[in-house]
There are 2 protein chains.
Amino acid sequence: MTLKEIATIAGVSIKTASRAINGYPDISKATRERILEIARTHHYLPNNAARSLRQNRSCTIGLVVPDLTNLFFGEVGRAVHNHLKPSGYSTLISFSEGSHRMEIDALDSLVAKQVDGIILATVGSTADHVQLIREHYRIPVVVIDNILEGADTDLVLHDDMANSKRLTEHLCAQGCRSIGFISGPLAETSGAHRHEGFLQAMATLELPVHPTQVVTGDWTVQGGRRAAMELLDRCTSGLDGIITANSLMALGLYAVLRERDLRIPHDIAVASFDYLELVDALDPPLTTLSRVDSKIGLLAAQRLQYLIDNPEEKGVERTLVTAELQVRQSSVRVTLT
Amino acid sequence: MTLKEIATIAGVSIKTASRAINGYPDISKATRERILEIARTHHYLPNNAARSLRQNRSCTIGLVVPDLTNLFFGEVGRAVHNHLKPSGYSTLISFSEGSHRMEIDALDSLVAKQVDGIILATVGSTADHVQLIREHYRIPVVVIDNILEGADTDLVLHDDMANSKRLTEHLCAQGCRSIGFISGPLAETSGAHRHEGFLQAMATLELPVHPTQVVTGDWTVQGGRRAAMELLDRCTSGLDGIITANSLMALGLYAVLRERDLRIPHDIAVASFDYLELVDALDPPLTTLSRVDSKIGLLAAQRLQYLIDNPEEKGVERTLVTAELQVRQSSVRVTLT
DNA sequence: ATGAAAGCGCTAACAA
DNA sequence: TTGTTAGCGCTTTCAT
């Protein structure tokens, strides 16, 4: 069913039908009602491809994430979708699986679909390509979760340094003196910054950090498990606290500590970056940061919409999202009296 | 950059350029190479809107899920995307948030985008609308996760009855005689069937089920927590086993059992439907079914592709995906000697 | 092996 | 208030 057919049925020109469907003025109420009624009974839906072609915009935005099975990205996706849907945008999603190659493919397929804007949860190193998309194709891009070095893009990020400081100081205040750190991949700025922040905080607190106290994970439960085993094997002198760079890895750590009969927080206090709903259900509940994933999604969506609406906008914004500390039992060793 | 411009630069007709770009025959190797080279240096990407308009297909499929923060749907999304991407399809995603109204909105926006097919993780009761989409718009739909009563669609589902039986018999074999059940919403067929299967299995095992032994949850951690409290409060006689209809609710149950100092599996054995990677990290590790989410996504994607490629296909397929039992410590009460 | 021309469904300029 | 016309970028006959 096309607009033309609707027009024929209604006995009006195609343009009049278009006016009615799109809610333009310059049409009598009666005609409009009649056309809309016809459209409804015939289940007319405008052809988006034709509209996109004509208006040179698709009312679609693209979202590139490494992996939706990390709940963080699930929340981001939801927030982005919920914010942009009321403005008439659909969300095209694409996965990078954490690979540079797939990230570029994902971006290209979004560009080919003429998306009006892109939110990219980058795993890094596609800076040139992102610049191409922004400058050559003139599609605005907002990067989240990691800094894309070398690309001058809008960013929405965790305040990783501040968060590291918060977690480290907290464990220290709980009496921990030998704190281990399970980091994310250092090739990603989020991984590097959390790691860096930890080292700085430890230095400020005048706590020594032996290289064996830091092990690199890969954000996953299994990676956290492997890292935890390595950490415990290497630090024979005994740790009294461990920080994990995300909550999924904390799950792996929990499993290892249990297997080794190390009690949390008595033997080892644990605190983690980010927040997943399930940390409350762990035994003991895990000390984390407050939840900011949907906030990051929302801020990115708002910024993207602004960039779409203001194509001449040249300023680049870097937004740092701060989180609170949410103390739960996994890190409480000091009894308040 | 358009095909026409590429053609002009190459000094050929637009059709020849098209042939080169699309890999058609009837073009000399030299010409093709030259055109492709020009396209590359100019970062040419075909305009999908124009292509869609002309070919009357968008190479996009739609995926409607309640919520991506349930890892099950995250896995399904990944599997769908990974299967269809090599065939050139993009995935448009839309959320229903578990509401009937939003599910219809989500479907409509996908139809307006001229998607070539839809995978719908329904929460139910949109049967008429789905029939309209199939029959009027001729867009194939594959429904997953729940049966859409009244719509004659292709389905890919868990074998809920068999799974209930498996879990119930397992707990019984472990010596449980008074087994509680935290169900999903009974308005969803997956919830109803798991519940029904539990009752049938208990009957076959000749174990009595008092109405207080069953509490309805909502698939979430918080819902599981509430249901667990209600279950424990009501069954004062004491349960020795609990089955949860999904793993997220099991997390809520774990939290409640810990708060009440009930030990798993000693006081209460626990087993759960579905599987999330994190169950291994729980204390104790949770007995679940084997992971089938990506299998469901894959089967749905394959079926959808078949339906897209064979528009005349009239048969309706119902695929039941069976799962194995994965016994972990949460349910082991019988020591093998 | 290559080109010319028509048209997919819609919107936007301009007329009436 | 309404209609006419052109054209978005591509693919597809049909010629050559």
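Every chain is numbered from 1, with letters handed out A, B, ... down the list of sequences. Because the structure is a prediction, the values reported are computed rather than measured.
- Using bins of under 30°, 30° to 60° and over 60° for the plane-to-plane angle, the ring pair H81(B)/F95(A) lands in the perpendicular bin.
- The shortest distance between side-chain heavy atoms of Y137(B) and L45(A) falls below 4.5 Å.
- There is a side-chain donor-acceptor pair under 3.5 Å between E103(A) and T126(A).
- Taking atom CZ of R19(B) as the reference point, atom P of dT12(D) lies 12 Å away to the nearest angstrom.
- Heavy-atom nearest nucleotides on DNA chain C were determined for M1(A) and for G11(B), and the one closer to the 5' end corresponds to G11(B).
- When the side-chain nitrogen and oxygen atoms of T2(B) are compared with OP1 and OP2 of dG9(D), none of them lie within a distance under 4.0 Å.
- Considering only side-chain atoms of L53(A), the nucleotide from dT4(D), dT12(D), dG9(D) that sits closest is dG9(D).
- In terms of position on DNA chain C, the residue among K15(B) and R51(A) whose nearest nucleotide sits closer to the 5' end is K15(B).
- Put simply, CG on L45(B) is 14 Å from P on dG9(D), counting in whole angstrom units.
- In this structure, the CD atom of Q55(B) is 12 Å from the C1' atom of dG9(D), given to the nearest Å.
- In this structure, N56(A) atom CG and dG7(D) atom P are separated by 16 Å, rounded to whole Å.
- Close to dT11(D), at under 4.0 Å from its OP1 or OP2, lies no side-chain N or O of Y24(B).
- For DNA chain C, the outermost nucleotides in 5' to 3' order that have an atom under 4.0 Å from a heavy atom of chain B are dA1(C) to dG9(C).
- Taking atom NZ on K4(B) and atom P on dC8(D), their separation rounds to 6 Å, with Å as the unit.
- Heavy atoms only, all atoms of each residue included: A17(A) and I35(A) are closest at CA-CD1, 3.9 Å.
- Where T31(A) and R54(B) each meet DNA chain D at their nearest nucleotide, the meeting point lying more 5' is that of T31(A).
- Summarising the geometry, the separation between CD1 on I14(B) and P on dC8(D) is reported as 10 Å, rounded to the nearest angstrom.
- Aromatic rings of Y44(A) and H136(B) (six-membered ring for Trp) have centroids beyond the 6.0 Å cut-off, not under it.
- For the pair I147(A) and T189(A), the tightest heavy-atom approach, listed with the atom from each and the gap, is N-OG1, 2.7 Å.
- For dT11(D), the OP1/OP2 oxygens have a side-chain nitrogen or oxygen of N22(B) closer than 4.0 Å.
- For the residue pair Q114(A) / S52(A), no side-chain donor-acceptor distance below 3.5 Å is found, with atom types taken as modelled.
- Straight-line distance from the CZ atom of R57(A) to the C1' atom of dG9(D): 18 Å, rounded to whole Å.
- dG3(D) atom C1' lies 12 Å from atom CD1 of I35(A), rounded to whole Å.
- Where S28(A) and Y44(B) each meet DNA chain D at their nearest nucleotide, the meeting point lying more 5' is that of S28(A).
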